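Everything numeric in this text was worked out from a predicted model, so none of it was measured.
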Amino acid sequence: NWPLLGKVYALSGDGSVPIAISSTPFTTKADMAAPAPQLPDARFGQFGAIFYTRLITARTPTNPAYYYMFDVASDTAITNATQFGRIFEPITALGVNAFATSSSALQEMLMVFGAHSMWYVAGDPTTTAPQRASAAIGCKSPKTFVNTPAGAMFLASDRMVYLLNSDPKFPQKLGIRIYPDLTAIAETQLINCSAVYHDGFYKLRIPTSGGTVNAVEWWADLLPLVLGVPDTEVEWYGPMVNFSLLSLLVQDGPNDALELLGGDNTAGTVWKLAQAAVYVDGATTITGQAFTPEYTEGDPLRQKIWGGFTFGFLQNASGSLQVDILTDAGAAVSSKTFTWTQSGSLWDVFLWDVGLWAGSGFVEQVQNWDTRIVGRSMQEQLTHAAAADYQLRDYGRKYAVVPRML
(Lines give C-alpha, C1' and ligand atoms only; values in the text may rest on other atoms or scores of the structure.)
Protein backbone atom coordinates (compact mmCIF):
# COMPACT_ATOMS: atom_id res chain seq x y z
CA ASN A 1 0.00 0.00 0.00
CA TRP A 2 1.46 3.35 -1.09
CA PRO A 3 -0.66 5.92 0.78
CA LEU A 4 0.98 8.84 -1.01
CA LEU A 5 -0.74 7.80 -4.25
CA GLY A 6 -3.59 5.86 -2.68
CA LYS A 7 -2.67 2.73 -4.61
CA VAL A 8 -1.91 -0.91 -3.83
CA TYR A 9 0.85 -2.76 -5.64
CA ALA A 10 1.21 -6.50 -6.21
CA LEU A 11 4.77 -7.52 -7.03
CA SER A 12 5.32 -10.31 -9.48
CA GLY A 13 6.69 -12.91 -7.08
CA ASP A 14 9.43 -14.14 -9.38
CA GLY A 15 10.51 -10.82 -10.86
CA SER A 16 9.60 -11.89 -14.39
CA VAL A 17 6.57 -9.68 -15.17
CA PRO A 18 5.74 -6.00 -14.61
CA ILE A 19 4.33 -4.90 -11.29
CA ALA A 20 0.53 -4.94 -11.12
CA ILE A 21 -1.21 -1.91 -9.59
CA SER A 22 -4.75 -1.15 -8.50
CA SER A 23 -5.49 1.83 -10.76
CA THR A 24 -6.64 -0.66 -13.39
CA PRO A 25 -7.66 -3.79 -11.47
CA PHE A 26 -5.41 -6.78 -12.00
CA THR A 27 -3.57 -5.44 -15.00
CA THR A 28 0.11 -4.63 -15.36
CA LYS A 29 1.79 -1.27 -15.76
CA ALA A 30 3.95 -1.53 -18.87
CA ASP A 31 5.11 2.10 -18.55
CA MET A 32 7.07 1.48 -15.31
CA ALA A 33 10.22 1.42 -17.44
CA ALA A 34 13.30 3.57 -17.14
CA PRO A 35 15.01 5.08 -20.16
CA ALA A 36 17.34 2.56 -21.72
CA PRO A 37 20.06 1.60 -21.23
CA GLN A 38 20.40 2.65 -17.58
CA LEU A 39 17.65 0.61 -15.90
CA PRO A 40 15.91 -1.53 -18.50
CA ASP A 41 14.15 -3.83 -16.02
CA ALA A 42 13.41 -1.39 -13.15
CA ARG A 43 9.67 -1.91 -13.56
CA PHE A 44 10.00 -5.56 -12.52
CA GLY A 45 10.15 -6.71 -8.93
CA GLN A 46 9.93 -9.70 -6.62
CA PHE A 47 10.15 -7.75 -3.33
CA GLY A 48 8.89 -4.31 -2.41
CA ALA A 49 8.72 -1.75 0.40
CA ILE A 50 7.69 1.86 1.02
CA PHE A 51 10.68 3.88 2.27
CA TYR A 52 11.21 7.66 2.29
CA THR A 53 7.86 8.04 0.48
CA ARG A 54 9.24 5.97 -2.38
CA LEU A 55 8.27 2.57 -3.72
CA ILE A 56 11.38 0.35 -3.53
CA THR A 57 11.51 -2.80 -5.66
CA ALA A 58 14.18 -5.44 -5.96
CA ARG A 59 15.32 -8.74 -7.44
CA THR A 60 14.98 -8.46 -11.17
CA PRO A 61 15.95 -11.14 -13.70
CA THR A 62 18.89 -9.28 -15.23
CA ASN A 63 20.07 -7.42 -12.10
CA PRO A 64 19.29 -9.65 -9.08
CA ALA A 65 21.61 -7.68 -6.74
CA TYR A 66 19.98 -4.29 -7.46
CA TYR A 67 17.11 -2.46 -5.77
CA TYR A 68 15.24 0.40 -7.46
CA MET A 69 13.55 3.58 -6.19
CA PHE A 70 10.52 5.06 -7.88
CA ASP A 71 10.00 8.80 -7.97
CA VAL A 72 8.35 10.28 -4.88
CA ALA A 73 5.03 11.09 -6.53
CA SER A 74 5.00 8.92 -9.64
CA ASP A 75 4.76 5.27 -10.59
CA THR A 76 5.13 5.75 -14.33
CA ALA A 77 8.90 5.77 -14.69
CA ILE A 78 12.23 5.96 -12.93
CA THR A 79 13.74 8.94 -14.66
CA ASN A 80 17.00 9.24 -12.74
CA ALA A 81 19.75 6.76 -13.45
CA THR A 82 21.08 7.16 -9.89
CA GLN A 83 17.89 5.88 -8.32
CA PHE A 84 19.12 2.41 -7.62
CA GLY A 85 21.48 0.64 -5.23
CA ARG A 86 23.10 -2.75 -5.00
CA ILE A 87 24.57 -5.25 -2.56
CA PHE A 88 27.31 -7.81 -3.13
CA GLU A 89 25.06 -10.82 -3.75
CA PRO A 90 21.57 -11.45 -5.18
CA ILE A 91 18.79 -9.93 -3.06
CA THR A 92 16.62 -12.52 -1.32
CA ALA A 93 14.49 -10.30 0.96
CA LEU A 94 13.62 -6.66 1.50
CA GLY A 95 11.82 -4.74 4.24
CA VAL A 96 11.68 -1.66 6.45
CA ASN A 97 12.70 -1.73 10.10
CA ALA A 98 10.64 0.92 11.95
CA PHE A 99 12.58 0.84 15.20
CA ALA A 100 11.53 3.97 17.10
CA THR A 101 9.49 7.15 17.02
CA SER A 102 10.40 10.75 17.73
CA SER A 103 8.47 14.00 18.01
CA SER A 104 9.12 14.77 14.35
CA ALA A 105 9.12 11.53 12.39
CA LEU A 106 9.20 7.78 12.42
CA GLN A 107 12.74 6.44 12.60
CA GLU A 108 13.27 3.60 10.15
CA MET A 109 15.83 1.83 8.02
CA LEU A 110 15.57 -0.01 4.72
CA MET A 111 16.81 -3.59 5.24
CA VAL A 112 18.16 -5.55 2.27
CA PHE A 113 19.17 -9.21 2.54
CA GLY A 114 21.15 -11.67 0.55
CA ALA A 115 21.26 -15.36 1.35
CA HIS A 116 24.32 -14.78 3.55
CA SER A 117 24.43 -11.06 4.29
CA MET A 118 22.34 -8.24 5.78
CA TRP A 119 22.46 -4.59 4.67
CA TYR A 120 20.77 -1.37 5.80
CA VAL A 121 20.09 2.08 4.37
CA ALA A 122 19.74 4.77 7.07
CA GLY A 123 18.62 7.90 5.27
CA ASP A 124 17.51 9.09 1.86
CA PRO A 125 18.08 6.05 -0.39
CA THR A 126 18.95 8.26 -3.37
CA THR A 127 22.00 9.66 -1.56
CA THR A 128 22.76 6.98 1.07
CA ALA A 129 24.62 3.85 0.08
CA PRO A 130 23.74 0.51 1.71
CA GLN A 131 25.95 -0.50 4.63
CA ARG A 132 26.64 -4.13 5.46
CA ALA A 133 25.36 -5.03 8.93
CA SER A 134 26.41 -8.69 8.82
CA ALA A 135 28.48 -10.90 6.55
CA ALA A 136 26.99 -14.05 8.10
CA ILE A 137 23.29 -13.41 8.78
CA GLY A 138 21.12 -13.56 5.67
CA CYS A 139 17.44 -14.20 4.96
CA LYS A 140 15.95 -16.69 2.50
CA SER A 141 12.46 -16.35 4.04
CA PRO A 142 11.23 -12.94 2.82
CA LYS A 143 7.63 -13.43 4.03
CA THR A 144 8.89 -13.78 7.63
CA PHE A 145 10.27 -10.20 7.76
CA VAL A 146 7.64 -8.39 9.86
CA ASN A 147 7.62 -5.10 11.74
CA THR A 148 6.44 -5.29 15.35
CA PRO A 149 6.29 -2.72 18.19
CA ALA A 150 9.47 -4.34 19.55
CA GLY A 151 11.36 -4.09 16.24
CA ALA A 152 11.56 -6.01 12.98
CA MET A 153 11.72 -9.82 13.19
CA PHE A 154 12.70 -12.38 10.57
CA LEU A 155 13.74 -16.01 10.09
CA ALA A 156 17.35 -16.03 8.97
CA SER A 157 19.18 -18.41 6.66
CA ASP A 158 20.91 -19.93 9.70
CA ARG A 159 17.47 -21.05 10.98
CA MET A 160 17.39 -18.51 13.84
CA VAL A 161 14.68 -15.90 14.47
CA TYR A 162 16.24 -12.45 14.99
CA LEU A 163 14.93 -9.13 16.32
CA LEU A 164 16.32 -5.86 14.91
CA ASN A 165 16.30 -2.57 16.79
CA SER A 166 18.05 0.73 16.11
CA ASP A 167 21.44 -0.93 15.53
CA PRO A 168 21.16 -3.66 12.87
CA LYS A 169 24.74 -4.77 13.56
CA PHE A 170 23.59 -6.36 16.82
CA PRO A 171 20.43 -8.41 16.14
CA GLN A 172 18.92 -10.22 19.11
CA LYS A 173 18.34 -13.98 18.94
CA LEU A 174 14.75 -14.88 19.86
CA GLY A 175 14.32 -18.35 18.37
CA ILE A 176 16.60 -20.43 20.57
CA ARG A 177 13.81 -22.45 22.19
CA ILE A 178 12.24 -23.46 18.87
CA TYR A 179 15.61 -23.94 17.14
CA PRO A 180 15.19 -27.74 16.81
CA ASP A 181 12.03 -27.19 14.73
CA LEU A 182 13.71 -24.48 12.68
CA THR A 183 16.75 -26.60 11.85
CA ALA A 184 14.41 -29.29 10.48
CA ILE A 185 13.19 -26.96 7.71
CA ALA A 186 14.44 -28.12 4.33
CA GLU A 187 16.70 -25.62 2.58
CA THR A 188 14.35 -25.40 -0.39
CA GLN A 189 11.38 -24.61 1.89
CA LEU A 190 12.86 -21.58 3.67
CA ILE A 191 11.45 -19.25 1.01
CA ASN A 192 7.91 -20.48 1.79
CA CYS A 193 7.94 -19.74 5.55
CA SER A 194 5.69 -16.84 6.52
CA ALA A 195 4.87 -14.70 9.54
CA VAL A 196 2.67 -11.85 10.75
CA TYR A 197 2.36 -9.63 13.84
CA HIS A 198 -1.08 -9.98 15.44
CA ASP A 199 -2.50 -9.38 18.93
CA GLY A 200 0.92 -8.92 20.51
CA PHE A 201 2.44 -12.06 18.96
CA TYR A 202 4.89 -12.69 16.15
CA LYS A 203 3.15 -15.65 14.49
CA LEU A 204 5.51 -17.82 12.44
CA ARG A 205 4.46 -20.65 10.13
CA ILE A 206 7.01 -23.24 9.00
CA PRO A 207 6.99 -26.71 7.41
CA THR A 208 7.19 -29.86 9.49
CA SER A 209 10.45 -31.79 9.51
CA GLY A 210 11.03 -32.84 5.92
CA GLY A 211 7.69 -31.33 4.90
CA THR A 212 6.85 -29.12 1.95
CA VAL A 213 3.96 -27.04 3.36
CA ASN A 214 3.68 -24.65 6.33
CA ALA A 215 1.79 -26.96 8.69
CA VAL A 216 3.41 -25.82 11.97
CA GLU A 217 2.80 -22.51 13.74
CA TRP A 218 4.73 -20.91 16.62
CA TRP A 219 3.78 -17.69 18.46
CA ALA A 220 6.35 -15.42 20.15
CA ASP A 221 4.87 -13.33 22.97
CA LEU A 222 6.44 -9.88 22.50
CA LEU A 223 4.63 -8.07 25.34
CA PRO A 224 7.66 -8.12 27.71
CA LEU A 225 9.83 -6.57 24.99
CA VAL A 226 7.23 -3.94 24.16
CA LEU A 227 6.94 -3.01 27.85
CA GLY A 228 10.73 -2.84 28.17
CA VAL A 229 11.09 -5.56 30.81
CA PRO A 230 14.85 -5.97 31.42
CA ASP A 231 16.55 -9.32 30.82
CA THR A 232 13.30 -10.77 29.55
CA GLU A 233 12.96 -14.14 27.84
CA VAL A 234 10.48 -14.34 24.97
CA GLU A 235 8.00 -17.18 25.40
CA TRP A 236 7.01 -19.25 22.35
CA TYR A 237 3.52 -20.77 22.17
CA GLY A 238 3.39 -23.91 20.11
CA PRO A 239 3.72 -25.99 18.16
CA MET A 240 0.25 -25.71 16.65
CA VAL A 241 -0.07 -28.20 13.81
CA ASN A 242 -2.77 -28.35 11.17
CA PHE A 243 -3.53 -27.09 7.66
CA SER A 244 -0.92 -25.31 5.55
CA LEU A 245 -0.91 -21.52 5.24
CA LEU A 246 1.48 -19.98 2.74
CA SER A 247 0.67 -16.36 3.59
CA LEU A 248 -0.73 -14.39 6.53
CA LEU A 249 -2.39 -10.97 6.54
CA VAL A 250 -3.85 -8.66 9.19
CA GLN A 251 -6.63 -6.38 7.98
CA ASP A 252 -5.63 -2.95 9.22
CA GLY A 253 -7.74 -0.51 7.24
CA PRO A 254 -9.86 2.19 8.93
CA ASN A 255 -12.93 -0.04 8.96
CA ASP A 256 -11.19 -3.34 9.71
CA ALA A 257 -11.25 -5.16 13.03
CA LEU A 258 -7.61 -6.30 12.85
CA GLU A 259 -8.76 -9.74 11.76
CA LEU A 260 -6.12 -12.29 10.82
CA LEU A 261 -6.46 -14.01 7.45
CA GLY A 262 -4.45 -16.94 6.10
CA GLY A 263 -4.05 -18.14 2.54
CA ASP A 264 -4.09 -21.93 2.09
CA ASN A 265 -1.52 -22.91 -0.52
CA THR A 266 -3.12 -26.26 -1.35
CA ALA A 267 -6.77 -25.41 -2.03
CA GLY A 268 -6.57 -21.64 -2.59
CA THR A 269 -8.85 -20.96 0.38
CA VAL A 270 -8.60 -17.81 2.51
CA TRP A 271 -9.23 -18.64 6.17
CA LYS A 272 -10.41 -16.23 8.83
CA LEU A 273 -8.34 -17.25 11.85
CA ALA A 274 -9.82 -16.85 15.33
CA GLN A 275 -8.65 -19.13 18.14
CA ALA A 276 -12.07 -19.14 19.79
CA ALA A 277 -13.99 -20.40 16.79
CA VAL A 278 -12.16 -21.09 13.55
CA TYR A 279 -8.72 -22.47 14.42
CA VAL A 280 -10.03 -25.85 13.34
CA ASP A 281 -9.35 -27.82 10.17
CA GLY A 282 -12.46 -29.91 9.64
CA ALA A 283 -12.89 -31.78 12.93
CA THR A 284 -9.25 -31.50 14.00
CA THR A 285 -8.47 -28.80 16.55
CA ILE A 286 -5.09 -27.13 16.61
CA THR A 287 -3.18 -28.03 19.76
CA GLY A 288 -1.48 -25.03 21.36
CA GLN A 289 1.33 -25.25 23.90
CA ALA A 290 3.12 -22.76 26.12
CA PHE A 291 6.37 -23.65 27.89
CA THR A 292 7.74 -21.61 30.76
CA PRO A 293 11.47 -21.16 31.31
CA GLU A 294 13.23 -23.87 33.30
CA TYR A 295 13.17 -22.52 36.85
CA THR A 296 16.08 -23.23 39.21
CA GLU A 297 15.24 -20.44 41.68
CA GLY A 298 18.86 -19.32 41.48
CA ASP A 299 20.17 -22.64 42.86
CA PRO A 300 20.68 -25.22 40.09
CA LEU A 301 22.53 -27.74 42.29
CA ARG A 302 20.19 -28.40 45.20
CA GLN A 303 16.98 -30.39 45.01
CA LYS A 304 13.70 -28.67 45.72
CA ILE A 305 10.21 -29.81 46.66
CA TRP A 306 7.80 -28.08 44.29
CA GLY A 307 4.80 -27.83 46.58
CA GLY A 308 2.09 -26.08 44.61
CA PHE A 309 0.99 -24.21 41.50
CA THR A 310 -1.78 -21.71 40.79
CA PHE A 311 -3.39 -20.60 37.52
CA GLY A 312 -5.81 -17.71 37.15
CA PHE A 313 -8.24 -18.25 34.25
CA LEU A 314 -11.14 -16.41 32.65
CA GLN A 315 -14.46 -18.28 32.55
CA ASN A 316 -15.68 -16.72 29.31
CA ALA A 317 -16.02 -20.15 27.70
CA SER A 318 -15.91 -23.74 28.89
CA GLY A 319 -12.59 -25.43 28.36
CA SER A 320 -9.71 -27.44 29.72
CA LEU A 321 -5.96 -27.13 30.09
CA GLN A 322 -3.39 -29.87 30.60
CA VAL A 323 -0.49 -28.92 32.86
CA ASP A 324 2.71 -30.99 32.83
CA ILE A 325 5.42 -30.29 35.41
CA LEU A 326 8.83 -31.43 34.11
CA THR A 327 11.68 -31.71 36.60
CA ASP A 328 15.40 -31.89 35.83
CA ALA A 329 15.00 -31.18 32.11
CA GLY A 330 12.31 -33.82 31.61
CA ALA A 331 13.67 -36.58 33.83
CA ALA A 332 10.23 -36.85 35.48
CA VAL A 333 6.78 -35.57 34.51
CA SER A 334 3.69 -34.93 36.70
CA SER A 335 0.42 -34.09 34.94
CA LYS A 336 -2.96 -32.59 35.77
CA THR A 337 -5.89 -31.51 33.60
CA PHE A 338 -7.96 -28.53 34.74
CA THR A 339 -11.50 -28.24 33.41
CA TRP A 340 -13.80 -25.27 33.85
CA THR A 341 -17.35 -24.29 32.91
CA GLN A 342 -18.39 -20.98 31.40
CA SER A 343 -19.57 -18.46 33.97
CA GLY A 344 -19.88 -15.07 32.35
CA SER A 345 -16.48 -13.43 32.11
CA LEU A 346 -15.35 -13.96 35.69
CA TRP A 347 -11.81 -14.68 36.78
CA ASP A 348 -11.20 -17.75 38.93
CA VAL A 349 -8.15 -19.65 40.11
CA PHE A 350 -6.92 -23.24 40.14
CA LEU A 351 -4.87 -24.52 43.04
CA TRP A 352 -2.88 -27.65 42.29
CA ASP A 353 -1.78 -29.59 45.36
CA VAL A 354 -1.47 -26.57 47.59
CA GLY A 355 -1.61 -26.95 51.35
CA LEU A 356 0.15 -23.86 52.68
CA TRP A 357 0.89 -20.70 50.69
CA ALA A 358 1.04 -18.12 53.47
CA GLY A 359 3.52 -17.64 56.32
CA SER A 360 7.20 -18.48 56.57
CA GLY A 361 6.98 -22.18 57.39
CA PHE A 362 6.80 -25.18 55.13
CA VAL A 363 4.89 -28.10 56.61
CA GLU A 364 5.16 -31.15 54.41
CA GLN A 365 2.46 -33.21 56.12
CA VAL A 366 -0.32 -30.76 55.28
CA GLN A 367 0.25 -30.97 51.54
CA ASN A 368 -2.44 -32.93 49.74
CA TRP A 369 -0.07 -34.34 47.13
CA ASP A 370 -0.91 -37.33 45.03
CA THR A 371 2.55 -36.98 43.47
CA ARG A 372 5.68 -35.80 45.21
CA ILE A 373 7.40 -33.37 42.81
CA VAL A 374 11.12 -33.12 43.57
CA GLY A 375 13.88 -31.80 41.32
CA ARG A 376 16.67 -29.31 40.97
CA SER A 377 14.84 -27.52 38.15
CA MET A 378 11.21 -27.32 37.02
CA GLN A 379 9.40 -26.31 33.85
CA GLU A 380 5.65 -25.92 33.31
CA GLN A 381 4.19 -27.02 29.98
CA LEU A 382 0.61 -25.97 29.26
CA THR A 383 -1.32 -27.75 26.50
CA HIS A 384 -4.63 -26.48 25.12
CA ALA A 385 -6.56 -28.72 22.72
CA ALA A 386 -10.06 -27.25 22.68
CA ALA A 387 -11.68 -24.99 20.08
CA ALA A 388 -12.79 -22.60 22.85
CA ASP A 389 -10.47 -19.73 23.68
CA TYR A 390 -8.82 -19.35 27.08
CA GLN A 391 -6.96 -16.65 29.00
CA LEU A 392 -4.50 -17.09 31.86
CA ARG A 393 -2.89 -14.67 34.27
CA ASP A 394 -1.03 -14.65 37.59
CA TYR A 395 0.23 -18.22 37.54
CA GLY A 396 2.53 -18.98 40.45
CA ARG A 397 4.62 -21.70 42.06
CA LYS A 398 5.71 -22.73 45.55
CA TYR A 399 8.93 -24.53 46.45
CA ALA A 400 11.21 -25.45 49.36
CA VAL A 401 14.88 -26.42 49.17
CA VAL A 402 15.61 -29.94 50.41
CA PRO A 403 18.20 -29.70 53.25
CA ARG A 404 21.55 -31.33 52.56
CA MET A 405 22.24 -34.44 54.65
CA LEU A 406 25.80 -35.45 55.59
Is a donor from one side chain sitting under 3.5 angstrom from an acceptor on the other, for [X] and [Y]?
| X | Y | result |
| --- | --- | --- |
| Asp158 | Tyr162 | yes |
| Glu294 | Ser377 | yes |
| Asp324 | Ser335 | yes |
| Glu187 | Gln189 | no |
| Trp218 | Asp181 | yes |
| Asp221 | Tyr202 | no |

Candidates Thr212, Val213, Thr208, Asn192 - the one meeting side-chain contact (heavy atoms from CB on, under 4.5 Å) with Ser244 = Val213
Checking Met111, Glu108, Gln107 against Asn97 for side-chain contact (heavy atoms from CB on, under 4.5 Å), the one that qualifies is Met111
Measure from the side-chain N and O atoms of [X] to the backbone N and O of [Y], and report whether any donor-acceptor pair falls under 3.5 Å.
| X | Y | result |
| --- | --- | --- |
| Arg376 | Gln303 | no |
| Lys203 | Val196 | no |
| Lys173 | Met160 | no |
| Arg86 | Ala65 | no |
| Gln342 | Asn316 | yes |
| Asp264 | Val270 | no |
| Glu217 | Gly238 | no |
| Ser194 | Lys143 | no |
| Trp340 | Ala317 | yes |
| Thr292 | Glu380 | yes |

Is there side-chain contact between [X] and [Y], with heavy atoms separated by less than 4.5 Å?
| X | Y | answer |
| --- | --- | --- |
| Pro149 | Tyr197 | yes |
| His384 | Ser320 | no |
| Tyr120 | Lys169 | yes |
| Leu326 | Met378 | no |
| Pro125 | Arg54 | yes |
| Val250 | Glu259 | no |
| Asn214 | Pro207 | yes |
| Glu89 | Ser117 | yes |

Give the intermediate values and the outcome of side chain to side chain contact (heavy atoms under 4.5 Å, CB included) for residues Tyr68 and Ile56.
-> CA-CA 6 Å; Tyr68 302 97; Ile56 312 292; over 6 Å; no
Trp119 and Phe88 aromatic ring geometry - parallel, tilted or perpendicular at 30°/60° bounds = perpendicular
Look up atom [atom1] in [X] and atom [atom2] in [Y], then write down how far apart they are to the nearest 0.5 Å.
| X | Y | atom1 | atom2 | value |
| --- | --- | --- | --- | --- |
| Ile305 | Ile373 | CD1 | CD1 | 11.0 Å |
| Phe154 | Leu164 | CZ | CG | 5.0 Å |
| Leu392 | Leu382 | CG | CG | 6.5 Å |
| Phe201 | Leu260 | CZ | CG | 12.5 Å |
| Leu94 | Leu11 | CG | CG | 9.0 Å |
| Ile50 | Phe70 | CD1 | CZ | 10.0 Å |

Does [X] have its ring centroid less than 6.0 Å away from the ring centroid of [Y]?
| X | Y | answer |
| --- | --- | --- |
| Phe350 | Phe313 | yes |
| Phe338 | Phe311 | yes |
| Phe291 | Trp236 | no |

Evaluation steps, side chain to side chain contact (heavy atoms under 4.5 Å, CB included), between Leu155 and Ile185 = CA-CA 11 Å; Leu155 173 62; Ile185 303 173; 4.1 Å; yes
Salt-bridge present (Glu297, Arg397; N to O < 4.0 Å) = yes
Sole candidate of Tyr295, Phe309, Trp306 that passes ring pair (Phe, Tyr, Trp, His ring centres under 6.0 Å) when paired with Tyr399 | Trp306
Derivation of the ring-ring contact (aromatic ring centres under 6.0 Å, His included) call for Phe145 and Phe113 | CA-CA 10 Å; Phe145 186 94; Phe113 296 88; 5.7 Å; yes
